[in-house]
Amino acid sequence: MGCFGVIRAEGVTKIFGPDPESILPLLKQGKKKEEIQRETGHVVGVNNASFELEPGEVFVIMGLSGSGKSTLIRCINRLIDPTAGKIILKHPERGEEDIAAMDAEGLRHIRTHEMSMVFQHFALFPHRTVLSNVVYGLEIQGRDKKEREELGRKFLAMVGLEGWEDHYPFELSGGMQQRVGLARAVATEGKVLLMDEPFSALDPLIKVQMQNELIKIQQELGRTILFITHDLDEAMRIGDHIAIMDGGEIVQIGNPEEILVNPRTEYVANFVEHADPTGVITASTVALPFKAPHFEPAGEEGGLSYYVRHGYPDIRFGVDNQGCLQKLVVNGEEAALADLDEALARERTGPERRVDTTVQCNEDTILRQVLRGRAFTQLPVIVRDTEQRITGVIDEPELIHGILEKRGYALTEEAASA
Ligand SMILES: Nc1ncnc2c1ncn2[C@@H]1O[C@H](COP(=O)(O)OP(=O)(O)OP(=O)(O)O)[C@@H](O)[C@H]1O
Ligand SMILES: [Mg+2]
């Protein structure tokens, strides 16, 4: 079966009330949370949630208050018992284990060695020093004092709290306390980190610092992170995948760009409406595809095939037989082609935008970088694939549609003509 994710949730369901099992058939019939609550007084916390974490990724769960995020993450480490479903942990030696079916002994092992959790409200021990908070999990693991203090100091340094070892939590700001919580969670060296809105109480600048800290930890230590937030920009910044919850159900899972460009329900669309797309959407999504009917053949010359953009005869694109753009001719003058990143590194963009040079970017270049390119040149930005073949062109209309509609101009055009 190849490589599994670190954790796989299969149909995880949690119902609160006197007889949770009796509600499962109603969910199977397709009854919704509100209906069930009205008719039976039971609350559906999570309904049939399935997803898989890939090793080393940040998987974000998003949703409005009450949509079931905390309930779901608490089912994963069995702080609460799911009513139905499996939570498969893939262990390198022991193979697949179902956390939902595990006994107390097994759970203790999982919580001290495999998974740790960071809570929204710090949850530090007030009477322990910073260092002693951080090494708490290592104490439970039975590590000796010298070893755990070495590790504790290392992880404190990693979150920027060197020198604070002997202070008490009340002497620290909220952001610093949350760093201690983070150091404590990573110190156990468990592969999976569960984080329930860990940064929601922090002010925006500190929040971004903590996000960077977290990404660093995830990359350096190779942790797999399940992260809850209700802040979409946070989700987009740190998430490799995002699952959106509505009324206890996961309504969409995708990477940030998929969620932004293709929201599957109105609820998801409302969520993404105000998101900043410039760090998420990629060049290939907004580009006008380099093909008919957007581009028309305009003769051959010197071994190159020329094309013009429909309605813009003044810019001619000369492409070789490999599909690579070799010449750009603007009003009869040849323009230079530069690499976007190199051009921006080499030259400051000023009020004067170039008309004699344009830039080429990759298909996965983010919109923000393309915009910087457009500040450098008045000519269309060229998008090329990994084989250097031209695949699209980004001009003002594409940028405007990308930012305002969060989708490609060509897609919008095709949808309008369909
Ligand atoms: N112990 C409980 N007993 C009864 N109902 C509960 C319990 N815990 C949660 N619920 C219900 O389950 C649903 C999901 O709650 P949950 O705390 O998971 O939401 P959330 O998405 O984490 O919201 P928030 O963003 O406000 O933290 C809610 O309708 C809530 O009322
Ligand atoms: Mg919650």
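Every number for a ligand or one of its atoms is a count from 1 in the order of the listing.
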### Message
Between Glu234 and Thr229, do the side chains contain a donor N or O and an acceptor N or O under 3.5 Å apart?
### Response
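Yes - a donor-acceptor pair under 3.5 Å links their side chains.
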
#### Entry: Residues Thr282 and Glu363: side-chain donor-acceptor under 3.5 angstrom
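There is no such pair (donor and acceptor under 3.5 Å, judged by atom type) between the side chains of Thr282 and Glu363.
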
### Message
As a test of reading the model: which residues have a non-hydrogen atom less than 4.0 Å away from ligand 1?
### Response
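Ligand 1 is contacted, at a heavy-atom distance under 4.0 Å, by Phe16, Lys33, Val43, Gly45, Leu64, Ser65, Gly66, Ser67, Gly68, Lys69, Ser70, Thr71, Glu197.
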
### Query
Taking the six-membered ring for Trp, are the ring centroids of Phe290 and Phe295 within less than 6.0 Å of each other?
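Between Phe290 and Phe295, the centre distance is under 6.0 Å.
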
Run the side-chain donor-acceptor check on residues 217-227: report pairs under 3.5 Å with partners two or more places apart or on a different chain.
from, atom 1, to, atom 2, distance (Å)
Gln218, NE2, Gly56, O, 2.5
Arg223, NH1, Val186, O, 3.0
Arg223, NH1, Gly190, O, 3.4
Arg223, NH2, Val186, O, 3.2
Thr224, OG1, Gly56, N, 2.8

### Task
Decide whether a cation-pi geometry holds between Arg184 and Phe125; the criteria are a distance under 6.0 Å from NZ or CZ to the six-membered ring centre and an angle within 45° of the ring axis.
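Satisfied, under 6.0 Å and within 45°.
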
#### Entry: Atom CD of Glu266 with >12 non-hydrogen neighbours under 6.0 angstrom
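Incorrect, the count does not exceed 12.
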
#### Entry: Listed once per pair and sorted, the salt bridge (charged side-chain N to carboxylate O under 4.0 Å, His left out) pairs that draw on residues 32-41, sequence neighbours left out
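Sorted pair list: Lys31-Glu39, Lys32-Glu249.
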
### Task
May I ask you to decide if Tyr168's main-chain N or O and Glu171's side chain share a donor-acceptor pair within less than 3.5 Å?
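Yes, because the side chain of Glu171 sits within donor-acceptor range (under 3.5 Å) of the backbone of Tyr168.
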
### Query
Can you find a pair of side-chain heavy atoms, one from Met245 and one from Leu64, that are under 4.5 Å apart?
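Side-chain contact under 4.5 Å: no.
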
### Query
Ignoring waters, how many protein N/O/S atoms are under 2.8 Å from the Mg ion (ligand 2)?
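Those protein atoms number 1 in total.
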
